[in-house]
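Structure record follows, encoded as structure tokens.
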Amino acid sequence: MSIRITGAVAARVLTQVRRDPRTLVMLLAVPSLLMALLWWLYSATPMSLFGRIAPALLALLPFILMFLVTSVTTLRERTSGTLERALTTPMGKLDLVAGYGLAFGLIALVQTSIAIAVSTTWLGLDLAGSVWLFTLVAVLDAFAGTALGLLVSAFARTEFQAVQFMPVLIVPQIFLCGLLVPREQLPGALEALSNVLPLSYAARAMNTLSTSTSADGVGRDIAVVAGFIVVFIALGAATLRRRTQ
């Protein structure tokens with residue numbers, strides 16, 4: 001793996017996104033707009049409801065959006081032949097996957113920072129813990145969505161098929177991460193399944209940081225999410241195909 005080649009891939013992807021202002025604005029604004037919609041939805045109820053749900057959603061939204069964008073974009077690159085041409089150069093598969101991950105990760109950093117800033121200022125979301133740790137967890141979650149999107153793109157032949165992976169890989173994580181029902185109240189089999197899903201650890205870390213000044217256990221949750229990112233990136237590089245037949 002070459003840092004120079006990885007940086008060149010990331011720069012090319014960022015340039016492509018910058019030349020598509022509509023996509024760029026949607027990537028950066030959608031999480032904040034959805035958080036504002038949630039705040040509006042709960043505006044006639046005790047605001048503790050918004051405070052209870054919002055932290056977990058700030059982990060979920062970047063994960064979902066970056067999964068969709070990455071999987072569709074990577075598949076489009078393959079079907080257009082761009083990946084095949086790139087892999088005829090000295091570029092390795094890991095360089096390519098890491099470059100895409102770095103580019104979309106930087107976009108995710110800006111995206112989550114804006115969403116958290118909007119939520120904690122204009123929408124009045126109170127965080128008892130460190131805002132920086134809160135931001136770190138959200139960014140790592142966006143990285144995890146990016147890495148999973150890269151992996152999934154290897155198994156889809158069309159953009160429509162890539163989107164169809166969402167109800168299989170993403171929706172169950174939303175159900176089991178503790179947002180709807182506390183994980184400790186889940187049936188045993190579902191609790192065991194939630195233990196091997198990255199969103200479970202991201203949502204728990206966000207909830208801990210939103211309600212407690214203590215960061216006990218958050219470091220372990222962050223390490224688990226980072227481990228998922230490494231595994232997804234490695235599997236994405238191992239399963240990367242030059243083009244879809």
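Position 1 is the first residue of the sequence; numbering continues from there.
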**OP:** Test Trp122 against Trp39 for side chain to side chain contact (heavy atoms under 4.5 Å, CB included), laying out the working first.
**Re:** CA-CA 10 Å; Trp122 293 341; Trp39 175 85; over 6 Å; no
Original post:
Are Val196 and Leu190 grouped together when hydrophobic residues (ILVMFWY) are joined by side-chain heavy atoms under 4.5 angstrom apart?
Top reply: yes
Original post:
Got a second to check how far Ile53's CD1 is from Leu180's CG, nearest 0.5 Å?
Top reply: 8.5 Å
Original post:
For Ile174 and Leu179, which heavy atoms make the closest approach, and how far apart are they?
Top reply: O-CB, 4.2 Å
Original post:
Can you get from Leu60 to Leu33 by hopping between Ile, Leu, Val, Met, Phe, Trp and Tyr side chains that sit under 4.5 Å apart?
Top reply: no
Subject >> Shortest non-hydrogen contact from Met206 toward Pro55 >> reply: CB-O, 3.5 Å
Original post:
Same cluster or not: are Val230 and Leu102 linked, directly or through other Ile, Leu, Val, Met, Phe, Trp or Tyr residues, by side-chain heavy atoms under 4.5 angstrom apart?
Top reply: no
Original post:
Minimum heavy-atom separation for Val225 to Ala144, with atom names?
Top reply: CG1-CB, 4.5 Å
Original post:
Would you say Met35 and Ser32 make side-chain contact, with heavy atoms under 4.5 Å?
Top reply: no
Original post:
Given side chains that start at C-beta, do those of Ile229 and Ile233 come closer than 4.5 Å, heavy atoms only?
Top reply: yes
Original post:
Among all residues two or more places apart in sequence or in another chain, which pass the side-chain contact (heavy atoms from CB on, under 4.5 Å) test with Val72?
Top reply: Arg76, Glu159, Val163
**OP:** Rounded to the nearest 0.5 Å, what's the gap from CG on Leu28 to CG on Leu65? Could you check?
**Re:** 10.5 Å
Original post:
Linking I/L/V/M/F/W/Y whenever their side-chain heavy atoms sit closer than 4.5 Å, directly or via other members, would Ile222 and Trp132 fall into one cluster?
Top reply: no
Original post:
Which heavy atom of Leu199 sits nearest a heavy atom of Ala59, and at what distance?
Top reply: CD2-O, 4.2 Å
Subject >> Heavy-atom closest contact (Ala142 atom, Thr112 atom, distance) >> reply: CB-CG2, 4.5 Å
Original post:
What's the spacing between Asp20 CG and Leu24 CG if we round to 0.5 Å?
Top reply: 8.0 Å
Subject >> Flag, side chain of Ser212 to backbone of Leu209, donor-acceptor distance under 3.5 Å >> reply: no
Subject >> Shared hydrophobic cluster for Val137 and Val131 (ILVMFWY, side-chain gaps under 4.5 Å) >> reply: yes
Subject >> Heavy-atom side-chain proximity of Thr146 to Tyr100 below 4.5 angstrom >> reply: no
Original post:
Is there a donor-acceptor contact under 3.5 Å from the side chain of Gln111 to the main chain of Leu27?
Top reply: yes
**OP:** Find out whether the Lys NZ or Arg CZ of Arg183 is both under 6.0 angstrom from the six-membered ring centre of Phe175 and within 45° of the ring's axis.
**Re:** no
**OP:** With rounding to the nearest 0.5 Å, note down the distance linking CD in Gln173 to CE in Met166.
**Re:** 10.5 Å
**OP:** With the side chain counted from C-beta on, respond yes when Arg19 and Gln16 share a heavy-atom pair under 4.5 Å apart, and no when they do not.
**Re:** no
Original post:
Looking only at atom types and distance, does a side-chain atom of Asn195 sit under 3.5 Å from a main-chain N or O of Glu191, one as donor and one as acceptor?
Top reply: yes
**OP:** Quick one: pull up CD1 in Ile64 and CG in Leu148 and give me the separation to the nearest 0.5 Å.
**Re:** 11.5 Å
Subject >> Nearest-0.5 Å distance that lies between atom CZ in Phe134 and atom OG1 in Thr208 >> reply: 10.5 Å
Subject >> Verdict with supporting geometry, Thr135 and Ser113, side chain to side chain contact (heavy atoms under 4.5 Å, CB included) >> reply: CA-CA 7 Å; Thr135 304; Ser113 298; 4.1 Å; yes
Original post:
Where is the tightest heavy-atom contact between Asn207 and Arg52, given as atom of each residue plus distance?
Top reply: OD1-O, 4.0 Å
**OP:** Please tell me if the side chains of Leu125 and Leu58 come closer than 4.5 Å, counting only heavy atoms from C-beta onward.
**Re:** yes
Original post:
Ignoring hydrogens and geometry, is there a side-chain-to-backbone donor-acceptor pair from Thr70 to Phe67 under 3.5 Å?
Top reply: no
